[in-house]
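Below is one structure; the comments refer to it alone.
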Amino acid sequence: MRSQPKPGILFTRDEIEVTVKSLAAEIKRDYQGRHPLLIGVLKGSFVFMADLIRLLDFPLEVEFIRLSSYGRAMESSGKIKVVQGLRAKVIGRDVLVIEDIVDTGLAISFLLDYLRKKKPASLKLCALTDKPSRRQVPVTIDYLGFTVPNKFIVGYGIDWDEKFRYLPDICTLEDE
Ligand code: PRP
């Protein structure tokens, strides 16, 4: 039987704090006065979103969307669908999608296409982490926190098999 992997710190909570502050400053510079709609992709983005919006002291709206999950698999099935939709109208809005990780890019490119069809005034992506070594489809990340190696990442909202979301640091998993 496969043993439970052990998390090792990749980015500390202090490094995350500095990075989230810097992302918030960029977003504030670009979106202040535009009443943007921030759409968090569940579940992985919830911790990042919570920290980020508390640094954005101007009027904005928060929404969440949930896509089909990897479930217990370490690999994406490649078949993405919306399993929990939006309540807010997207048409004419300045939309900023908040992701925890862009890996193959399949989930976010599906979501950006889905949102583009709803005719937002603008559509951009903020991702906490990017794993470019795994990309299968091109993705433009407008606001990026960290580039991560080709290892499984957990913590700060990101899970492995629904575990480790609670870790305050961003960690990689190593087999024991
Ligand atoms: C993760 C992550 C992204 C997606 C990235 O979600 O939050 O949405 O996978 O992978 P991709 O670039 O290869 O498509 P997951 O399905 O694990 O759900 P969760 O956020 O609920 O953990």
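As the structure lists them, so they are numbered: ligands from 1, and atoms in each ligand from 1. Index from 1, following the sequence.
- Within the 4.0 Å heavy-atom criterion, both parts of Thr104, backbone and side chain, lie near ligand 1.
- Residue Gly44 approaches ligand 1 through these ligand atoms, each under 4.0 Å from one of its heavy atoms: 19 (P), 20 (O).
- Close contacts of ligand 1 with Ala107, meaning ligand atoms under 4.0 Å from a residue heavy atom, involve 4 (C), 14 (O).
- Considering both main-chain and side-chain atoms, Asp159 comes within under 3.5 Å of ligand 1 through a nitrogen or oxygen pair.
- Residues Lys89 and Leu37 approach most closely at O-CD2, 4.0 Å, considering heavy atoms.
- Of all the heavy atoms of Arg165, the ones lying under 4.0 Å from any atom of ligand 1 belong exclusively to the side chain.
- Contacts of Ile108 with ligand 1, taken as heavy-atom pairs under 4.0 Å, are absent altogether.
- The pair Lys124-Asp94 does not meet the salt-bridge criterion, since no charged nitrogen lies less than 4.0 angstrom from a carboxylate oxygen.
- Between Arg13 and Glu17, no side-chain nitrogen of the basic residue sits less than 4.0 Å from a carboxylate oxygen of the acidic one, so the salt-bridge criterion is not met.
- The backbone N or O of Thr104 sits nowhere less than 3.5 Å from a side-chain atom of Lys131 that would complete a donor-acceptor pair.
- Ligand 1 has an N or O atom lying under 3.5 Å from an N or O atom of Gly105, backbone or side chain.
- For ligand 1, the polar-atom distance check against Lys43 finds a nitrogen or oxygen pair separated by under 3.5 Å.
- Salt-bridge check for Asp57 with Lys28: passed, with a basic side-chain N closer than 4.0 Å to an acidic carboxylate O.
- Which parts of ligand 1 touch Glu99 is read off a 4.0 Å heavy-atom cut-off, strictly below it: atoms 2 (C), 3 (C), 7 (O), 8 (O).
- A cation-pi arrangement is absent between Lys117 and Tyr114 under the rule of less than 6.0 angstrom and at most 45 degrees off the ring axis.
- With a heavy-atom cut-off of 4.0 Å, Arg66 does not touch ligand 1 at all.
- Residue contacts with ligand 1 for Asp103 involve both N, CA, C or O and side-chain atoms from C-beta outward (heavy atoms, distance under 4.0 Å).
- Contact between Phe46 and Arg165 at its shortest, heavy atoms only, is CE2-CD, 4.2 Å.
- Applying the 6.0 Å contact sphere to CZ of Arg87 captures no more than 12 heavy atoms from other residues, nucleotides or ligands.
- Between Ile101 and ligand 1, no pair of N/O atoms sits closer than 3.5 Å.
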